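To start, the structure under review is shown below, and the notes come after it.
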Amino acid sequence: MLVNSHKYGRRTAMKIIQTPKEMSEFSEKMRGEGKKIALVPTMGALHEGHMSLIDIAKKNADIVVVSVFVNPTQFGPNEDFAAYPRSLEADAAACEERGVDVVFAPSASSIYRKDASTYVVEEEVSANLCGKSRPNHFRGVATVVSILFNIVRPHAAVFGEKDAQQVSVIERMVRDLFIDVEIIRAPLVREKSGLALSSRNKYLHGAQLETARRLSQALLVGKKMVEDGCLNIHRVKAEIVNQLSRSSRIRVIYVEIVDAKTSLPVKEIVPGKCRAALAVWLDQTRLIDNMVL
Ligand code: PAF
């Protein structure tokens with residue numbers, strides 16, 4: 001499928017590719033022509049955070065592929081797979097506007113055979129943080145990212161630090177499996193209110209949006225403590241929990257302080273090298289956020 005695009009000075013129209021075969025063939029052709037390909041893996045419901053990933057991909061490659069695939073294997077049985085926002089038409093329009101070359105939007109049945117029985121499991125980084133409260137989540141992420149890498153064959157892939165643990169898992173996977181894809185980290189993007197951009201923010205309304213600001217505010221309080229010289233993990237963590245707990249809408253899932261790059265636990269806070277990461281329930285919505293301290 002081709003989308004016409006003349007007004008943004010694109011040389012060729014943006015393609016929407018829906019089958020792995022067509023995607024691989026396109027990538028092979030581009031590689032054959034010596035073009036560098038960057039992949040931005042997404043689950044759609046694109047927002048400005050994704051657009052910033054696309055901008056970084058464009059700076060690092062000749063061809064930018066955005067995959068839009070709500071990956072069933074990274075959702076738990078009681079999670080929001082069915083409710084997850086899906087808006088392929090709007091996503092494709094936003095990609096076209098931003099100068100993306102290909103939107104790869106495969107069906108679930110083209111990615112996973114009915115009897116698929118092979119997974120990619122990273123066992124150390126995934127054991128922490130979201131991995132504890134979402135069993136098998138990172139197995140699903142590592143598996144689908146490997147599949148996407150095998151189909152799209154990118155030279156580079158861009159992941160946002162909104163999901164900092166996810167980037168650490170992917171970096172470890174790529175290192176351990178000798179996968180020849182450069183992983184590019186992109187900074188987390190926030191609304192003016194401080195709320196980290198996320199597709200799941202679409203679940204929030206009215207007073208919930210007000211409350212959601214507390215996540216970044218709590219992290220900022222932690223950051224200020226470190227700037228003021230408090231390097232005690234327990235005290236900084238406790239204060240972040242305390243800040244979050246001031247709202248009865250919020251239930252803390254975890255607050256942890258980890259290495260900013262590897263997302264592994266640390267024994268002491270080293271300013272600039274540690275990250276406070278948190279997950280909460282805000283009413284029925286699970287939100288995550290993080291900040292380098
Ligand atoms: O970050 C996401 O949107 C997803 O976890 C990813 C990387 C696209 C894999 O499904």
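Worth saying up front: this structure is predicted, and the values here are computed from it rather than measured. Along the sequence shown, residues carry numbers from 1. The analysis underlying the following values was restricted to heavy atoms, covering all of them including side chains, and did not include hydrogens, waters or symmetry mates. Just so you know, ligand 1 is whichever comes first in the structure, and atom 1 is the first atom listed for that ligand.
- Listed for the S110 side chain is no donor-acceptor partner under 3.5 Å among the backbone atoms of P106.
- Residues N71 and F81 share a closest heavy-atom pair of C-CE1, 4.3 Å.
- Heavy atoms only, all atoms of each residue included: E48 and L197 are closest at CB-CD1, 3.7 Å.
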Side-chain donor/acceptor pairs under 3.5 Å, residues 250-261, sequence neighbours excluded:
from: R251; atom 1: NH2; to: D283; atom 2: O; distance (Å): 3.3
from: E256; atom 1: OE1; to: K237; atom 2: NZ; distance (Å): 3.2
from: D259; atom 1: OD1; to: K261; atom 2: N; distance (Å): 2.9
from: D259; atom 1: OD1; to: T262; atom 2: N; distance (Å): 2.9
from: D259; atom 1: OD1; to: T262; atom 2: OG1; distance (Å): 3.3
from: K261; atom 1: NZ; to: E171; atom 2: OE1; distance (Å): 3.2
from: K261; atom 1: NZ; to: E171; atom 2: OE2; distance (Å): 3.3

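- Across I269 and C230, no two heavy atoms sit closer than the pair CD1-O, 4.5 Å.
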Could you give the N/O to N/O pairs under 3.5 Å linking ligand 1 and the protein, each with its distance?
from: ligand 1; atom 1: 1 (O); to: Q166; atom 2: NE2; distance (Å): 2.8
from: ligand 1; atom 1: 5 (O); to: Q74; atom 2: NE2; distance (Å): 2.9
from: ligand 1; atom 1: 5 (O); to: Q166; atom 2: OE1; distance (Å): 2.7
from: ligand 1; atom 1: 10 (O); to: Q74; atom 2: OE1; distance (Å): 2.6

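- Once rounded to the nearest 0.5 Å, the distance linking NE2 of H155 with CD1 of I184 reads 12.0 Å.
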